[in-house]
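The next block holds one structure in the form of structure tokens; read it before the comments.
None of the values given here were measured: they were computed from a predicted structure. A note on names: the letters A, B, ... follow the listed sequences, proteins ahead of strands, and every chain is numbered from 1.
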4 protein chains.
Amino acid sequence: MKRKTNKLTAKKMDKRLRIINAAMNVFGEKGFHKTKIIDIARSARVADGTIYLYFHNKDDLFIAAFEELIEEKLQNLKKIIAAIDDKLERLLKFFSLHIEMFTQNPNIARFVTKELRQSSEFYLKYPTFRPLQEYINYLKKLCQDAIDASLIRSIDTEVLVIIMIGTLNFALFEWSLGNSNRSLEDIKEQAVNIIYRGLKKGPAPENTEDE
Amino acid sequence: MKRKTNKLTAKKMDKRLRIINAAMNVFGEKGFHKTKIIDIARSARVADGTIYLYFHNKDDLFIAAFEELIEEKLQNLKKIIAAIDDKLERLLKFFSLHIEMFTQNPNIARFVTKELRQSSEFYLKYPTFRPLQEYINYLKKLCQDAIDASLIRSIDTEVLVIIMIGTLNFALFEWSLGNSNRSLEDIKEQAVNIIYRGLKKGPAPENTEDE
Amino acid sequence: MKRKTNKLTAKKMDKRLRIINAAMNVFGEKGFHKTKIIDIARSARVADGTIYLYFHNKDDLFIAAFEELIEEKLQNLKKIIAAIDDKLERLLKFFSLHIEMFTQNPNIARFVTKELRQSSEFYLKYPTFRPLQEYINYLKKLCQDAIDASLIRSIDTEVLVIIMIGTLNFALFEWSLGNSNRSLEDIKEQAVNIIYRGLKKGPAPENTEDE
Amino acid sequence: MKRKTNKLTAKKMDKRLRIINAAMNVFGEKGFHKTKIIDIARSARVADGTIYLYFHNKDDLFIAAFEELIEEKLQNLKKIIAAIDDKLERLLKFFSLHIEMFTQNPNIARFVTKELRQSSEFYLKYPTFRPLQEYINYLKKLCQDAIDASLIRSIDTEVLVIIMIGTLNFALFEWSLGNSNRSLEDIKEQAVNIIYRGLKKGPAPENTEDE
DNA sequence: GATGAATGAGGTTTCATTCAT
DNA sequence: CATGAATGAAACCTCATTCAT
């Protein structure tokens with residue numbers, strides 16, 4: 001039954017996906033405002049009018065592209081992480097996967113790092129637009145699990161999320177602009193090392209000792 | 001009265017500064033593309049044509065505003081930090097000052113966090129536009145100094161910069177959107193704690209030991 | 001049941017008529033330019049492409065709808081009036097019938113009063129589009145008959161047509177917009193009275209006499 | 001004083017008027033929807049953007065043009081008619097002047113006859129748009145005055161207005177399309193004759209008597 | 001015949017920039 | 001120096017029309 005209904009829908013889906021993918025690329029490359037609908041249309045090999053058969057307007061397309069990207073990535077992430085038992089490893093894996101996922105191409109990285117900010121104007125226009133919320137919530141839960149399992153110190157998960165997402169975000173952004181002369185892999189390894197040390201249990205560092 | 005206080009050069013400086021300040025505010029509030037030149041002109045109480053006597057175009061004004069903001073903040077920072085002897089305290093102070101400085105009003109915070117990304121399009125048009133470079137370099141130096149003084153571990157300063165700037169940036173961004181229910185002060189304290197622990201000298205954490 | 005009643009030709013006729021009727025209504029309601037082909041298609045419960053099987057284009061549909069409406073109404077009119085002997089009564093009946101016919105619903109009234117003008121652009125594109133010509137000619141003939149029968153004064157029938165059609169048209173237009181607080185019936189009665197007095201035989205009015 | 005303030009304004013007014021006049025002509029020629037802003041701009045010898053310095057949008061321009069035309073004509077009318085004592089002559093003069101005024105060129109005639117209808121869509125969007133209301137009210141008053149002076153029968157002025165405006169409107173419309181082979185002057189004379197006879201005091205015509 | 005997904009030309013409107021005053 | 005009226009390029013979106021199924 002599913003196969004039947006999808007026969008006709010296949011092409012439609014195909015076209016919708018082509019538009020979404022084109023949108024992510026072009027938005028990521030040029031930014032929301034410099035992206036013209038016709039750029040996306042050409043990239044998706046459809047007429048510009050066609051885009052309006054699938055999306056109400058440019059804003060709608062942007063939001064859909066963003067949400068579907070995040071949604072898809074989050075599903076990926078969850079599936080892989082669910083297979084890991086250790087709560088701490090899960091957290092580390094999150095770091096690695098995040099970077100892996102968003103570096104398929106620099107446009108995607110730019111899309112999630114740059115446009116995430118750009119799109120703050122959407123927060124006003126579309127108050128329900130919280131594309132990262134679910135993502136962040138998931139990360140919070142991973143942190144809380146690690147804390148509950150006594151694998152890391154009991155710290156404010158909101159702060160931890162800011163450190164982790166902020167670091168990942170900026171690292172990807174710099175990478176997408178070609179600004180860094182370290183490999184992302186290197187950067188990740190070291191960042192994980194530093195942050196993990198900052199989280200592990202044990203006595204707080206004492207300045208007096210050092211002096 | 002007005003005529004008296006406004007000496008010729010003062011008047012000119014005054015006008016340029018008024019435009020820059022207006023630009024920072026309006027760009028921060030509305031974002032680059034939604035900001036109209038006439039908005040800035042009105043906010044600075046000049047005619048729109050006048051802006052073109054001081055800046056070549058909208059891009060130029062944006063860049064000038066950004067650079068002058070960063071430049072001014074960096075001078076501030078350096079002056080205050082120069083008065084501190086301890087290399088580690090300097091690093092901590094940097095964190096605090098950064099947040100203090102860019103939270104004078106949310107528009108300024110948005111300007112530096114959101115528009116920094118937005119402006120990646122300027123990297124293409126104006127390859128020399130690296131507004132944060134000096135700022136980042138200074139932070140790198142502070143890190144290196146702390147390492148050289150054996151106050152923190154010998155880590156890659158580039159990575160450290162990414163963690164610190166990324167964290168600060170994201171914390172400010174979330175704050176400017178009113179998304180966080182923690183105070184910035186709280187977040188800063190805890191972030192510093194975590195990152196500092198991650199940096200302090202001593203043996204690496206061992207998972208097996210902890211369990 | 002539906003399949004049975006819809007014989008092949010009947011079905012076709014049915015569809016064409018359904019489109020024409022839908023067109024009259026939607027054109028009347030929204031005006032030519034605000035009417036979208038898909039509006040008519042939906043109203044006629046056909047696909048939009050289907051309309052192009054029966055009409056060359058939107059203009060063609062508009063003209064066809066208009067002409068068929070007028071044609072149908074004129075046939076009605078002629079049939080009823082043919083049954084009347086008195087040439088004067090025929091003229092009066094024309095007045096009444098015209099109003100009756102075009103007030104079946106306000107959309108139809110708007111269609112014939114408003115779009116008649118709107119469509120003056122068709123006069124350029126389709127010089128043969130003279131939808132009211134036959135109608136007007138018939139009225140002229142009725143007038144001429146009344147004159148020949150010495151029932152009214154011998155006046156220029158063209159002028160009379162302008163008075164009658166102009167009056168009817170404007171009365172219907174105002175009614176269709178809901179602008180008048182008199183009933184159409186009232187207006188008609190009084191208008192007929194005035195115009196008929198203006199037509200009847202006898203000495204011209206003399207101002208001096210009346211005073 | 002007035003002269004001074006008008007010095008600068010002169011050019012502005014000139015441009016505004018040029019746009020209004022161009023608008024009346026082009027709207028009259030092509031109709032509202034087929035008229036493109038750039039058509040009006042070219043006709044007024046300004047850039048298309050300039051039009052938006054004087055009018056909010058196309059609708060606004062249309063309404064302004066219509067209202068200013070009617071307003072101007074009505075002032076004319078009132079001034080001339082005020083100089084006439086006889087209440088009946090006033091009514092007759094109204095008829096003549098109306099035709100004279102709106103036949104300066106066919107575009108103007110089309111503008112007032114065709115677009116008056118077209119613009120019924122404006123009644124919905126702009127409920128206060130009643131361009132002819134004042135005009136009609138003035139005609140009603142003229143009628144009432146003639147009735148009060150016992151110069152014509154006591155008839156419903158609303159009906160009379162419908163006859164008069166409807167007739168004038170249709171006559172002008174047909175003339176503007178070049179459809180009539182009578183001169184407007186001829187038509188007017190005869191129409192006035194018929195309508196006046198219909199209005200004069202005296203016994204109603206009796207059909208039976210005539211036969 | 002019937003469908004409706006796809007097309008793409010076209011128009012209103014905005015706004016950065018210029019330049020006469 | 002300062003002004004702000006004028007310019008005109010550019011882009012989102014609509015919708016009549018086509019054509020593969």
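We find that CG of C:D60 is positioned 14 Å from P of F:dA16, with the value rounded to whole Å. In this structure, the CZ atom of C:F62 is 14 Å from the P atom of F:dA16, given to the nearest Å. Between the CD1 atom of B:I40 and the P atom of F:dT3 there is a distance of 15 Å, given to the nearest Å. The separation between A:R42 atom CZ and E:dT7 atom C1' is 14 Å, rounded to whole Å. Rounded to an integer number of Å, the gap from A:D14 CG to E:dA5 C1' is 14 Å. Separating the CZ atom of D:F27 from the P atom of E:dG11 is a distance of 14 Å, rounded to the nearest angstrom.
Note: C:F111 CZ to C:M24 CE = 7.0 Å, rounded to the nearest 0.5 Å. Of the inter-residue distances, the one linking A:I20 atom CD1 with A:Y54 atom OH reads 12.0 Å to the nearest 0.5 angstrom. For the atom pair NZ of D:K15 and CD1 of D:I51, the computed distance is 11.5 Å after rounding to the nearest 0.5 Å. A distance of 11.5 Å separates CZ in C:F55 from CD1 in C:I63, rounded to the nearest 0.5 Å.
Remark: B:A44 pairs with B:R18, B:I19, B:A22, B:V46 by the side-chain contact (heavy atoms from CB on, under 4.5 Å) rule, at least two apart or across chains.
At a threshold of 4.5 Å between non-hydrogen side-chain atoms, the residues A:I70 and A:V112 count as touching.
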Exercise for review: Treat a base pair as Watson-Crick or G-U wobble with both distances under 3.5 Å, then lay out DNA chain E in dot-bracket form, 5' to 3', with | for cross-strand pairs.
Suggested key: .||||||||||||||||||||
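The phosphate of F:dA5 has neither OP1 nor OP2 within less than 4.0 Å of any side-chain N or O from D:Y54.
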Point to revise | Letter per nucleotide, 5' to 3', of nucleotides 7-12 of chain F [B base touched, S only sugar-phosphate touched, - untouched; heavy atoms, 4.0 Å] | key: BB--SS
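Relative to the ring axis of A:F32, A:K58 places its NZ or CZ within 45° and under 6.0 Å from the centre.
Using modelled atom types, no side-chain atom of A:D39 and backbone atom of A:T35 make a donor-acceptor pair closer than 3.5 Å.
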